[in-house]
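The basis for the numbers below is simple: all heavy atoms, side chains too, and nothing from hydrogens, waters or symmetry mates. No experiment lies behind these values; they were computed from the predicted model shown.
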Amino acid sequence: MLREYLRREAVFLLSAGIILFFIGFGAVRPDLLDSASSAVHAAILDNFSWLYLISAFFFLAFALALGLSRYGTIKLGYDAERPQYGFFGWVAMLFAAGMGIGLLFWGVSEPLVHFLQPPPFIDAASPDAAAFAMRYAFFHWGIHPWAIYTIVSLSIAYFSFRRGMPALISSCFYPVLGERIYGAAGNVVDVLAVFATVFGTATSLGFGALQIHSGLTHLYGLSSAISVTIGIILIATALFMASAILGVEKGVQVLSKLNIVLATVLLVLVLALGSAPYVLNVFTSTLGGYINNIIDLSFQSYPFAGFEWSRDWTVFYWAWWISWSPFVGLFIARISRGRTIREFVLTVLTVPTLFTFVWFAIFGGSALHLELEEGANLAAVAGEDVSLALFAFLEHYPFAGLLSLAAIFLLIVFFITSADSATVVLGSLTSGGGLVVPNYKKVVWGLSLSAVAIVLLVTGGLSSLQVMAITAAFPFMLVMIGLCYTLAIGLSQEKVPE
């Protein structure tokens, strides 16, 4: 009986054991954890930065090739199956997947930081730096991240809905592993997916907690001590754990819809209260620059001047998206049953990307307008503390206090809903892909997510979050390359007209 339990729960026991060891090690020896993770991180960047760039572009090219090929007519489900959700409902949920802590955290701060601290071949705080900043914000948050998500979600959806296999990463390797996906080889694949998901989600939760803390400090003069950030994480943990255990799906759905409405209202207010013509010019100009330079941007690591800048930003983002891909991929797969591969690929790549471009054009473009045209000192604030940039930016608008409170509320609900969803997804990944997850697994993964975020914040703050995202993503990037191969084999076995 014990042997059967260990076999059945191998993925859960192994992945939970690794994460708990990491948490304990970080709690006892944070200095040693910081030095060890930094060494691994440096080795990955020094030797494999180029692989992140090539892989991200390959995932984009592969996704487009599938969507536009004869395989695009294949249903993610049975041939006669209709989509589970209507198109507009499906698109709305894609927005929900694309919206989150990251846009609020980086929407203002990233363009400002690039503007103030571009690579050395661009004059800092110049018009050229502003154009460079917006173009790279579009690039980092554009079609490449959604291509990464597409590879994982398309693989899971195809093998789960079309081939009737469990909704697991390991199932996607059936064409090469066969029945071994139910043994040690499959377990290793699923453990790597769990490992990436935990650290990718913990990175986002850490960003969110830092920004919530900065907002409360900005508005109410809260202490800036790290203990306050930890307290915020603990309170949010109690809320999302209650949601995950009690199964209050309706409440989470209501909060998610309210969040999207609030985010849209905030977006419209910033556009209406600022310089709309300026922002719209920024949008069109940046979109043109992005489209014209997408090949160069995809492969450019600036090896002769600016290599460190490329590693700190582009490689970090590609790693972050890869570490998020099991979580977001499983979510997108589950809402996409009944879609054709063509509809799936083209919609997932374009709709969320366009919304993200609008977000960065309005927030980032407005921030640069205040900096360049009205002499605001926002770039210096972002350069010193990226988590404070959004609230310093909102101070230049009417009803600044209300707008900042709305932003904090958005962050809190994004934190809760993201952590709640990640807890359920991790439970599913460690329960054979089942939709019904035992409560004890929800407890383990919910507490683990928050504990990892706290350990990383205590160990080294923002830099530790970025270090672990890159480190955790590296092995799963190799898994994703394998997914492309196995998906191609699976599709080649379909009887599709030439």
Quick one, W146 with Y149, criterion ring-ring contact (aromatic ring centres under 6.0 Å, His included). Give me CA distance, side-chain angles, the key distance, then yes/no.
CA-CA 5 Å; W146 288 98; Y149 296 155; 5.2 Å; yes
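- Taking the six-membered ring where the residue is Trp, H114 and F132 present perpendicular rings, their angle passing 60° and hence far from 30°.
- Across all their heavy atoms, I19 and S448 have their closest contact at CG2-CB, 4.0 Å.
- Within the 4.5 Å cutoff, no side-chain heavy atoms of L76 are placed close to those of T340.
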Scan the side chains in residues 52-66 for donor-acceptor partners under 3.5 Å anywhere in the protein, sequence neighbours excluded, and list what turns up.
{"from": "Y52", "atom 1": "OH", "to": "I470", "atom 2": "O", "distance (Å)": "3.0"}
{"from": "S55", "atom 1": "OG", "to": "L51", "atom 2": "O", "distance (Å)": "2.7"}

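- Aromatic rings from F199 and F22 are positioned such that their centres are separated by under 6.0 Å.
- Residues F105 and L411 form no side-chain contact, since every pair of their non-hydrogen atoms from C-beta on lies 4.5 Å or further apart.
- When atom types are taken as modelled, the side chain of R342 and the backbone of G67 share a donor-acceptor pair closer than 3.5 angstrom.
- The aromatic rings of F474 and F48 sit tilted relative to each other, their planes meeting at an angle between 30° and 60°.
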In a table with atom names and distances, give each donor-acceptor pair under 3.5 Å that connects a side chain of residues 325-334 to protein atoms at least two apart or in another chain.
{"from": "S325", "atom 1": "OG", "to": "I322", "atom 2": "O", "distance (Å)": "2.6"}
{"from": "R334", "atom 1": "NH2", "to": "S428", "atom 2": "OG", "distance (Å)": "2.8"}

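- Contact detail for L368 and A130: the closest heavy-atom pair is CD1-O, 4.0 Å.
- Atom CD1 of I169 and atom CE of M480 lie 9.0 Å apart (nearest 0.5 Å).
- The CZ atom of F415 lies 12.0 Å from the CG atom of D420; values are rounded to the nearest 0.5 Å.
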Between Q211 and V386, is a side-chain contact (heavy atoms from CB on, under 4.5 Å) present by the stated rule, with each step listed?
CA-CA 8 Å; Q211 195 169 30; V386 290; over 6 Å; no
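- Looking only at side-chain heavy atoms (C-beta outward), T197 and F476 stay at 4.5 Å or farther from each other.
- Proximity of T347 to R339: side-chain heavy atoms (C-beta onward) are nowhere separated by under 4.5 Å.
- A salt bridge does not link K75 to E494: none of the charged nitrogens lies less than 4.0 Å from a carboxylate oxygen.
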Can you list the steps and then say if L491 with I341 is a side-chain contact (heavy atoms from CB on, under 4.5 Å)?
CA-CA 11 Å; L491 292 174; I341 289 178; 3.7 Å; yes
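- Side-chain contact between Y485 and I489 is present, with heavy atoms from C-beta onward closer than 4.5 Å.
- Here the CG atom belonging to D312 is positioned 12.0 Å from the OH atom belonging to Y317, to the nearest 0.5 angstrom.
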Stepwise side-chain contact (heavy atoms from CB on, under 4.5 Å) test for L210 and L457:
CA-CA 9 Å; L210 285 172; L457 286 172; 3.8 Å; yes
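- In this structure, R163 places its CZ atom where more than 12 heavy-atom neighbours from other residues, nucleotides or ligands lie under 6.0 Å away.
- Within the 3.5 Å criterion, the main-chain N or O of F363 finds no donor-acceptor partner in the side chain of S366.
- Here the closest non-hydrogen pair linking I233 and S450 is CG2-CB, 3.8 Å.
- There is no side-chain donor-acceptor pair under 3.5 Å between W141 and T353.
- Within the 3.5 Å criterion, the main-chain N or O of C172 finds a donor-acceptor partner in the side chain of T486.
- No option in V282, V268, V270 other than V270 meets the side chain to side chain contact (heavy atoms under 4.5 Å, CB included) test with I362.
- The shortest distance between side-chain heavy atoms of D46 and R311 falls below 4.5 Å.
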Dump the intermediate steps for salt bridge (charged side-chain N to carboxylate O under 4.0 Å, His left out) on R162 and D79, then the final yes or no.
CA-CA 9 Å; R162 186 82 175 175; D79 288 334; 2.8 Å; yes
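- Under a 3.5 Å cut-off, the side chain of S69 and the backbone N or O of Y71 do form a donor-acceptor pair.
- Ring-plane geometry between W106 and F207 is classed as perpendicular, the angle between the planes exceeding 60 degrees on a 0 to 90 degree scale with a lower cut at 30.
- Relative orientation of the F139 and Y136 rings is perpendicular, given thresholds of 30° and 60° on the angle between their planes.
- Side-chain contact between I151 and C484 is present, with at least one heavy-atom pair separated by less than 4.5 Å.
- One distance of note links CD1 of I143 with CD1 of I294; it measures 6.0 Å at 0.5 Å rounding.
- Contact check for Y174 versus E179: side-chain heavy atoms found under the 4.5 Å cut-off.
- Of all heavy-atom pairs spanning F357 and G142, the tightest one is CE2-CA, 3.6 Å.
- Expressed to the nearest 0.5 Å, how far CD1 of I148 lies from CH2 of W324 amounts to 13.5 Å.
- With hydrogens and angles ignored, the 3.5 Å screen pairs a side-chain donor or acceptor of D190 with a backbone N or O of S170.
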Check step by step if ring-ring contact (aromatic ring centres under 6.0 Å, His included) holds for W318 and H144.
CA-CA 8 Å; W318 287 181; H144 287 70; 5.4 Å; yes
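- When all heavy atoms of H140 and P145 are compared, the closest pair comes out as O-CG, 3.3 Å.
- Remark: the backbone N or O of Y78 is paired with a side-chain donor or acceptor of E81 at under 3.5 angstrom.
- A salt bridge is defined here as a Lys NZ or Arg NE, NH1 or NH2 lying under 4.0 Å from an Asp or Glu carboxylate O, and D296 with R135 fails to meet this definition.
- Summarising the geometry, atom CD belonging to E110 is positioned 10.5 Å from atom CG belonging to L103; distances are rounded to the nearest 0.5 Å.
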Could you go through Y302 and F307, starting from their C-alpha distance and side-chain angles, then the distance that decides it, and tell me whether this counts as ring-ring contact (aromatic ring centres under 6.0 Å, His included)?
CA-CA 5 Å; Y302 301 114; F307 182 54; 9.8 Å; no
Can you check side-chain contact (heavy atoms from CB on, under 4.5 Å) on T314 and W309, steps first, answer last?
CA-CA 8 Å; T314 303; W309 185 94; 4.3 Å; yes
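- Taking every heavy atom of both residues into account, I416 and F240 meet most closely at O-CB, 3.5 Å.
- Using modelled atom types and a 3.5 Å distance limit, the side chains of K441 and T430 yield no donor-acceptor pair.
- With sequence neighbours left out, the side-chain contact (heavy atoms from CB on, under 4.5 Å) criterion links V443 to M241, I245, L447.
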